[in-house]
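This report concerns only the one structure given below.
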Amino acid sequence: MQKISIKNFGPIKETELSVNDCLIFIGPQASGKSTISKGIYFFKSLKDDLLKFITESVNNDIVSESELPTTAYKKKIRSKFVGFWGTTKHLNPFTIVFHYSDKKSIELSLRDGYVNANFSQEFHSELNEIFKQMSEYIKINNKSNDFSGRSYDPLAASEQRNFFKRIEFLTDSLFEDSHIPIYIPAGRSLLSILSEQLQKNLIGVISGRYSKESQDIDPYLLDLPLKAFIERISNLKQSYRSDLNDMINDKKKFTSEKIDFESVNKAKKIIEKVLRGRYLNDHLGERICLPDSQEYVKLSLASSGQQEAIWILLQIFAVILGDYKVFLVIEEPEAHLYPEAQKDIVALIGLLSNLNNNQILLTTHSPYILSSLNNLIYAHKIGQSVPQKVEQRIDRKIWISHSKVGAFFVDRGITQDIIDKELNLIKAETIDNASKIINDEFDFLFDLED
């Protein structure tokens, strides 16, 4: 079980919690939900940064001989931190520790205005072994691994593939994790509203390929999670030149992988129900085609709910169709959605969570999201004794085991576990406290009328 500990960072005073496979945070705005979720994503995504660092080192020999690879990697972590949260000199001293296992952890602390990264002994030892293999490979293959020239050495190419396969295995072992980290931030309708040209300009800023138009965009307006999201969605859009049925049929024709097509088709039905149509991105542009009709609405003119939900839906569909193993963070999945659609989003999340041991983290303000999750947890519990009866109402593929779930109320920098240990459900009193306050006010006014 992975854990995160945070002390005196942003709105969070002090907290320590386990990173469950399905983790939910609820609480008022500016309470610290995003700080915790971004913190967990930060540490879960360091594995990808290490792989990228090794790839750059092998292909470009970027590590100075006078600098240890471990030191260079720590600088990458420090730079990534600034990309997530901005400059640090104005912050008070803090400590954040992420435990990948009992003996492997990374600690970030602020001293004299600068972030320091410290590795536990076992983490440091395994990391050094990876860098040792990297250095040996570079020495032996320094000339033969450059494929940018005209000649191509198939033996060297095969050796490089084997090297990276081995490094990926060792890196997964180092971080005790093989999930692909994906962050879907709040305010994602931005990508639905902006013109295609402005989206291209944003991608130019993110990738460093500045055009004349993109030079007017301040690159520091976007934090790293948002930049990664914009770039990921830009790539994802290219997959949706045909509708979901055609994508499913193509996958059946051209893959030998064992794909759970029953789950894929369930995901498709949920997505089209929430969207009330089909998404396409072809010569006519991004649009939502109305069901059983030739009519469509351009995505930039679609409802705010469709614009907010589209990238959650299509990202999850891509993961299920591709049979990927992911750690998926979704901020405010309920944004601009009718309660019934919120329930459908939770069903899609439940479906995803039961494939490939996928991990989900949600931040929410919605009692409908929590109530829908509770139903799926309860369905799993009752389904152990009367599965056929439960499945008449709730599909078995979306049930969620309580053992996978952690739920926390975050307010004033403090996190409170809101799982009822007897019922193994999210505590009802935290699900919709606002309704209780509103009802109490109404009862007070009603009594005055009498």
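Below, all heavy atoms of this structure are taken into account, side chains as well, without hydrogens, waters or symmetry copies.
Panel note: side chain Lys343, backbone Ser372; no donor-acceptor pair is recorded below 3.5 Å. Side chain of Ser293 to main chain of Leu290: no donor-acceptor pair is present (N/O by atom type, distance under 3.5 Å, no hydrogens or angles). Distance alone, capped at 3.5 Å, is enough to place a donor-acceptor pair between the Lys404 side chain and the Ser353 backbone. Between the side chain of Thr55 and the backbone N or O of Leu51 there is at least one donor-acceptor pair closer than 3.5 Å. A donor-acceptor distance shorter than 3.5 angstrom exists from the side chain of Ser31 to the backbone of Val410, with no hydrogens or angles considered. Not a single donor-acceptor pair under 3.5 Å links the side chain of Trp399 to the backbone N or O of Gly350. Distance alone, capped at 3.5 Å, is enough to place a donor-acceptor pair between the Ser401 side chain and the Ser403 backbone. Of the possible donor and acceptor atoms, none in the side chain of Asn281 sits under 3.5 Å from a partner among the backbone N and O of Arg241. Of the possible polar contacts, none joining the Asp260 side chain to the Leu355 backbone as a donor-acceptor pair under 3.5 Å is found. Between the side chain of Gln307 and the backbone N or O of Ser300, at least one donor-acceptor pair lies under 3.5 Å.
Rounding to the nearest 0.5 Å places CD1 of Ile4 at 9.5 Å from CD1 of Ile12. For the atom pair CG (Leu275) and CG (Leu313), the distance works out to 5.0 Å, reported to the nearest 0.5 Å. From Tyr279, atom OH reaches atom NZ of Lys237 across 5.5 Å, with rounding to the nearest 0.5 Å. The distance from the CG atom of Leu423 to the NE2 atom of His402 is 11.0 Å, given to the nearest 0.5 Å.
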Discussion item. Set out, in order, the CA-CA distance, both residues' side-chain angles and the distance that settles salt bridge (charged side-chain N to carboxylate O under 4.0 Å, His left out) for Asp243 and Arg278, then state yes or no.
Written reply: CA-CA 7 Å; Asp243 68 17; Arg278 299 175 293 111; 3.2 Å; yes
Fill in: Verdict with supporting geometry, Asn128 and Thr70, side chain to side chain donor-acceptor pair (under 3.5 Å)
CA-CA 7 Å; Asn128 277 343; Thr70 306; 2.8 Å; yes
Item to complete: Before giving the answer on side chain to side chain contact (heavy atoms under 4.5 Å, CB included), spell out for Lys266 and Lys397 the whole-Å C-alpha distance, their side-chain angles and the decisive distance to 0.1 Å.
Response: CA-CA 9 Å; Lys266 287 182 186 299; Lys397 282 184 172 287; 3.6 Å; yes
Practice prompt. Test ring-ring contact (aromatic ring centres under 6.0 Å, His included) on Phe42 and Phe327 and set out the steps.
Written response: CA-CA 12 Å; Phe42 177 91; Phe327 167 67; over 10 Å; no
Practice prompt. Might you work through the side chain to side chain contact (heavy atoms under 4.5 Å, CB included) test for Ile271 and Leu244, ending with a clear yes or no?
Written response: CA-CA 10 Å; Ile271 288 167; Leu244 302 189; 4.2 Å; yes
Worksheet entry | CA sep, side-chain torsions, deciding dist, call: Gln306, Val274, side chain to side chain contact (heavy atoms under 4.5 Å, CB included) | CA-CA 8 Å; Gln306 289 171 315; Val274 174; over 6 Å; no
Practice prompt. Mind running ring-ring contact (aromatic ring centres under 6.0 Å, His included) on Phe175 and Phe43 for me, showing each step along the way?
Written response: CA-CA 9 Å; Phe175 288 91; Phe43 286 99; 9.8 Å; no
Worksheet item: Hey, mind stepping through Ile184 and Ile233 against side chain to side chain contact (heavy atoms under 4.5 Å, CB included) and telling me if it holds?
Response: CA-CA 10 Å; Ile184 302 180; Ile233 293 304; over 6 Å; no
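A salt bridge links Lys273 with Asp344; the closest basic N to acidic carboxylate O contact falls under 4.0 Å. Taking 4.0 Å as the cut-off between side-chain N and carboxylate O, Lys427 and Asp420 do not count as a salt-bridged pair. Using a 4.0 Å cut-off between a side-chain N of Lys or Arg and a carboxylate O of Asp or Glu, Asp177 and Lys47 do not qualify as a salt bridge. A salt bridge links Arg396 with Glu391; the closest basic N to acidic carboxylate O contact falls under 4.0 Å. Taking a cutoff of 4.0 Å between a charged side-chain nitrogen and a carboxylate oxygen, Lys298 and Glu286 do not qualify as a salt bridge. Remark: Lys258 does not engage Asp323 in a salt bridge, criterion side-chain N to carboxylate O under 4.0 Å. Ion pairing between Lys421 and Asp417 holds under the 4.0 Å rule for side-chain N and carboxylate O. Salt-bridge annotation for Lys227 and Glu231: absent, with no side-chain N of the basic residue lying under 4.0 Å from a carboxylate O of the acidic one. Ion pairing of Asp282 with Arg287 is present here, as a side-chain N (NZ or NE/NH1/NH2) and a carboxylate O approach within less than 4.0 Å.
Side-chain atoms of Lys268 and Ile248, non-hydrogen and from C-beta on, do get closer than 4.5 Å to each other. Here the side chains of Phe84 and Lys38 are in contact, with some heavy-atom distance below 4.5 Å. Looking only at side-chain heavy atoms (C-beta outward), Leu314 and Leu236 come within less than 4.5 Å of each other. With contacts defined as side-chain heavy-atom distances shorter than 4.5 Å, the pair Ile106/Val97 does not qualify. With contacts defined as side-chain heavy-atom distances shorter than 4.5 Å, the pair Leu373/Tyr378 does not qualify. With contacts defined as side-chain heavy-atom distances shorter than 4.5 Å, the pair Asn356/His179 does not qualify. Inter-residue side-chain proximity for Ser303 and His336 is flagged as unmet; no heavy-atom pair is nearer than 4.5 Å. Inter-residue side-chain proximity for Thr35 and Pro11 is flagged as met; some heavy-atom pair is nearer than 4.5 Å.
Around atom CD of Glu16, more than 12 heavy atoms belonging to other residues, nucleotides or ligands sit under 6.0 Å away. Remark: Phe131 CZ is packed, more than 12 non-hydrogen atoms of other residues, nucleotides or ligands lying under 6.0 Å away. Within 6.0 Å of the CZ atom in Phe164, the count of heavy atoms belonging to other residues, nucleotides or ligands exceeds 12. Other residues, nucleotides and ligands place more than 12 heavy atoms under 6.0 Å from the CZ atom of Arg78. Gln29 CD: 12 or fewer foreign heavy atoms inside a 6.0 Å radius. The number of heavy atoms from other shown groups lying within 6.0 Å of CZ (Phe169) does not exceed 12.
For the residue pair Lys3 / Ser105, no side-chain donor-acceptor distance below 3.5 Å is found, with atom types taken as modelled. Using modelled atom types, one finds a donor on one side chain and an acceptor on the other under 3.5 Å when comparing His365 with Lys33. Residues Glu331 and Tyr183 have side chains that bring a donor and an acceptor to within less than 3.5 angstrom of each other. Side-chain contact, Thr364 with Glu334: a donor N or O sits under 3.5 Å from an acceptor N or O. Remark: the Lys325 side chain and the Ser178 side chain contain an N/O donor-acceptor pair separated by less than 3.5 Å. Side chains of Gln2 and Lys44: a donor on one and an acceptor on the other come within 3.5 Å.
Trp311 and Phe229 have their aromatic ring centers separated by at least 6.0 angstrom.
Screening Glu122, Gln121, Glu126 for a side chain to side chain donor-acceptor pair (under 3.5 Å) involving Lys104 leaves a single residue, Glu126.
Annotation: cation-pi pair Lys75/Phe53 absent, no NZ/CZ under 6.0 Å from the ring centroid and within 45° of its normal.
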